[in-house]
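Accompanying notes for the structure given below.
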Amino acid sequence: MNAPLRLLTVIGARPQIIKAAAISRAVAGPFAGRIHETLLHTGQHYDANMSQVFFDELGIPRADIDLGVGSGSHGAQTARMIEGIEQELKRNTYDAVLLYGDTNSTLAGAVAAAKLHIPVAHVEAGLRSFNKAMPEEINRIACDHSSTWLFCPTDTAVHNLQREGFDPSNAGPAHIDRPRVVQCGDVMYDNSMHFADLAAARSVLLPSLGLGPEGYALVTVHRDHNTDVPERLNAIVGALVALHDAHDLPLVLPVHPRTRKCLDQLLDPVLASALRERPRIHLIPPAGFLDMIALERNARLVVTDSGGVQKEAFFFGKPCVILRPGTEWVELVAHGQAVLADADPVRIAEGAEAFLTNGAPPCPPLFGDGHAAERICTELLRDR
Ligand code: UD1
Ligand code: UDP
């Protein structure tokens, strides 16, 4: 029998910690003894409610290595991560490095590993917003083109890679110069299905806010383009207050730390007091994952600029207004379950109004069967 595959998994930002739960479950379960996973946390996210809560709730093993890089400019933060990951890759022997998504932690892992000739496995490969003003677009393209295995959650992602010269029919041994593209489904779908019942049993957030099923809209905003640009932040908050007033609809906003700072510094005083004066607009700290699933499952409407939250809305059949000009999850818009509203108050109001009147169309299972993580582990072991 082969020695176990030595896998270094790099995580750092909230969604990556959550995604890691799916692979860690597979490694501890059906792949026990065949894959040995070491978890490296870059420390990109570090507040307890942006990091530790997910380890506690989702049964993810404690990180073996914590680089503790913290916040900083893109260059400074990414450089610290590359240095720390490179040191670990030189200190211990790894057969592969597993990376999630499109954050600075993803980019750092790709650069460090590929330059040391250690194969990279990229989960959520092939996603494109076709908007290089987004730091995430740069990160995901650089990571895809440094990868040996490209694990795509959707057919669209496979097609995007094909357009960039990848050959999805390559079934030979995976190599950085002959990478293997695999449509494996979405690990986020795995997690949403896996934790849905636990969330229903454990989460007490909704009753604590005096809210019940279909009785509120869930809102998250954290993209730098929305939070850091005062005109856009004010336009979005103005649209949210108007949505609340027009439909007498409570809003729940778990506020990302970046957004909290920008609300404190950039929000128009009139809007700030409008928020304060409306007791049914609930600004709460970032939620744990179980609370978040409960919030998504019971919402009447989701309004978000998050990649993960727009998809989870789809998983739970909830209509979604996307606060972005475009999305890499084009299937959601194509199916009519989500609309793109950017930071435009008129489009936000019209999109919300239509969904509040008509609800969401059916949401077919476009993101796999809940077993993406097992498929990824199987592929990683295939060439050994
Ligand atoms: C990052 C990712 C983004 C992802 C998001 C998930 C990049 C370029 N961006 O954005 O793709 O959607 O994570 O949430 O990697 N902060 C805290 N405490 C924390 C973490 C952050 O206070 O635990 C504050 C700091 O002021 C920091 C700011 O939030 O400067 C932004 O954090 P950062 O990790 O740089 O980017 P995100 O906006 O979180
Ligand atoms: N999430 C969470 N608590 C929150 C907001 C989001 O647990 O307060 C979860 C959400 O359910 C999803 C993931 O975090 O699984 C999405 O991360 P985020 O919105 O930070 O980033 P993105 O997906 O846009 O990169």
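Quick caveat, the model's predicted, so the values are computed rather than measured.
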Next item on the list: Show the numbers, then the answer: is there a salt bridge (charged side-chain N to carboxylate O under 4.0 Å, His left out) between Arg382 and Glu379?
Entry: CA-CA 5 Å; Arg382 214 170 94 182; Glu379 279 297 327; 3.0 Å; yes
Item checked: Derivation of the side chain to side chain donor-acceptor pair (under 3.5 Å) call for Ser306 and Glu312 -> CA-CA 10 Å; Ser306 158; Glu312 287 164 349; over 6 Å; no
Check: Could you go step by step and tell me if Arg324 and Gln310 meet the side-chain contact (heavy atoms from CB on, under 4.5 Å) rule?
Finding: CA-CA 11 Å; Arg324 285 175 44 184; Gln310 59 183 271; 3.9 Å; yes
Next item on the list: Assess whether side-chain contact (heavy atoms from CB on, under 4.5 Å) is satisfied between Leu67 and Arg80, documenting all intermediate values.
Entry: CA-CA 9 Å; Leu67 300 181; Arg80 289 198 294 269; over 6 Å; no
Next item on the list: Could you go through the salt bridge (charged side-chain N to carboxylate O under 4.0 Å, His left out) check for Glu328 and Arg140 one step at a time?
Entry: CA-CA 11 Å; Glu328 53 282 6; Arg140 53 172 86 101; 3.4 Å; yes
Next item on the list: With salt bridge (charged side-chain N to carboxylate O under 4.0 Å, His left out) as the test, would you mind laying out the steps for Arg25 and Glu374 before giving the verdict?
Entry: CA-CA 9 Å; Arg25 252 192 334 272; Glu374 287 97 313; over 6 Å; no
Item checked: Audit row: Gln162, Val181, side-chain contact (heavy atoms from CB on, under 4.5 Å) steps and yes/no -> CA-CA 9 Å; Gln162 209 165 1; Val181 175; over 6 Å; no
Check: Could you walk me through whether Glu88 and Arg91 pass the salt bridge (charged side-chain N to carboxylate O under 4.0 Å, His left out) check?
Finding: CA-CA 5 Å; Glu88 174 55 24; Arg91 194 177 303 127; 2.8 Å; yes
Checklist line | Evaluation steps, side-chain contact (heavy atoms from CB on, under 4.5 Å), between Arg258 and Asp228 | finding: CA-CA 9 Å; Arg258 159 180 232 121; Asp228 300 15; 3.1 Å; yes
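Contact record, Ser24 with Ile60: OG-CG2, 4.3 Å, taken as the closest heavy-atom pair. Residue Ala239 comes nearest to Pro345 through the heavy atom pair CB-CA, 4.0 Å, listed as atom of the first residue, atom of the second, then distance. A pairwise comparison of heavy atoms in Glu137 and Leu127 identifies OE1-O, 4.4 Å as the closest pair. Closest heavy-atom contact between Pro325 and Leu340: O-CD1, 3.6 Å. Nearest heavy atom pair, residue Ile293 against residue Ala196, reads CG2-CA, 4.2 Å. Taking each heavy atom of Pro250 and His244 in turn, the nearest pair found is CA-CD2, 4.3 Å.
Ring orientation note: the planes of Phe367 and Phe315 are nearly perpendicular, at an angle over 60° on the 30°/60° scale. The aromatic rings of Phe289 and Phe195 sit perpendicular, their planes meeting at an angle over 60°, well past the 30° parallel limit.
Contact annotation: the side chain of Ile17 never approaches that of Leu58 to less than 4.5 Å [non-hydrogen atoms, C-beta and beyond]. Between Leu295 and Pro254, some side-chain heavy-atom pair lies under the 4.5 Å cut-off. Between Trp329 and Ile322 there is no side-chain heavy-atom pair separated by less than 4.5 Å. Between Glu331 and Gln337, the closest side-chain pair of non-hydrogen atoms is not below 4.5 Å. The shortest side-chain heavy-atom distance between Ile141 and Arg128 falls under the 4.5 Å cut-off. Phe31 places a side-chain heavy atom less than 4.5 Å from the side chain of Thr378. Residues Met81 and Ser105 are in side-chain contact: their nearest non-hydrogen atoms beyond the backbone lie under 4.5 Å apart. The side-chain heavy atoms of Ile11 and Phe54, taken from C-beta on, include no pair separated by under 4.5 Å.
Of the N and O atoms on the side chains of Thr227 and Thr259, not one donor lies less than 3.5 Å from an acceptor on the other residue. Between the side chains of Ser129 and Glu136, not a single donor N or O lies within less than 3.5 Å of an accepting N or O. Remark: the Asn160 side chain and the Glu164 side chain contain no N/O donor-acceptor pair separated by less than 3.5 Å. Side-chain contact annotation: Asp268 with Asn234, donor-acceptor N/O pair under 3.5 Å absent. Residues Tyr46 and Ser71 have side chains that bring a donor and an acceptor to within less than 3.5 angstrom of each other.
Using a 4.0 Å cut-off between charged nitrogen and carboxylate oxygen, Asp190 and Arg375 do not count as a salt-bridge pair. A salt bridge is absent between Arg178 and Asp167: the closest approach of a Lys/Arg side-chain nitrogen to an acidic carboxylate oxygen does not fall below 4.0 angstrom. In this structure, Asp47 does not pair ionically with Arg260, as no charged nitrogen and carboxylate oxygen lie closer than 4.0 Å.
Between Ser51 and the choices His45, His41, Gln44, the side chain to side chain donor-acceptor pair (under 3.5 Å) rule is met once, by His41.
Lys318 places no side-chain N or O within donor-acceptor distance of the main-chain N or O of Val302, the cut-off being under 3.5 Å. At distances below 3.5 Å, at least one donor-acceptor pair connects side-chain atoms of Gln16 with backbone N or O atoms of Gly12.
Taking a 6.0 Å sphere around CZ of Arg6, one finds it holds more than 12 heavy atoms contributed by other residues, nucleotides or ligands.
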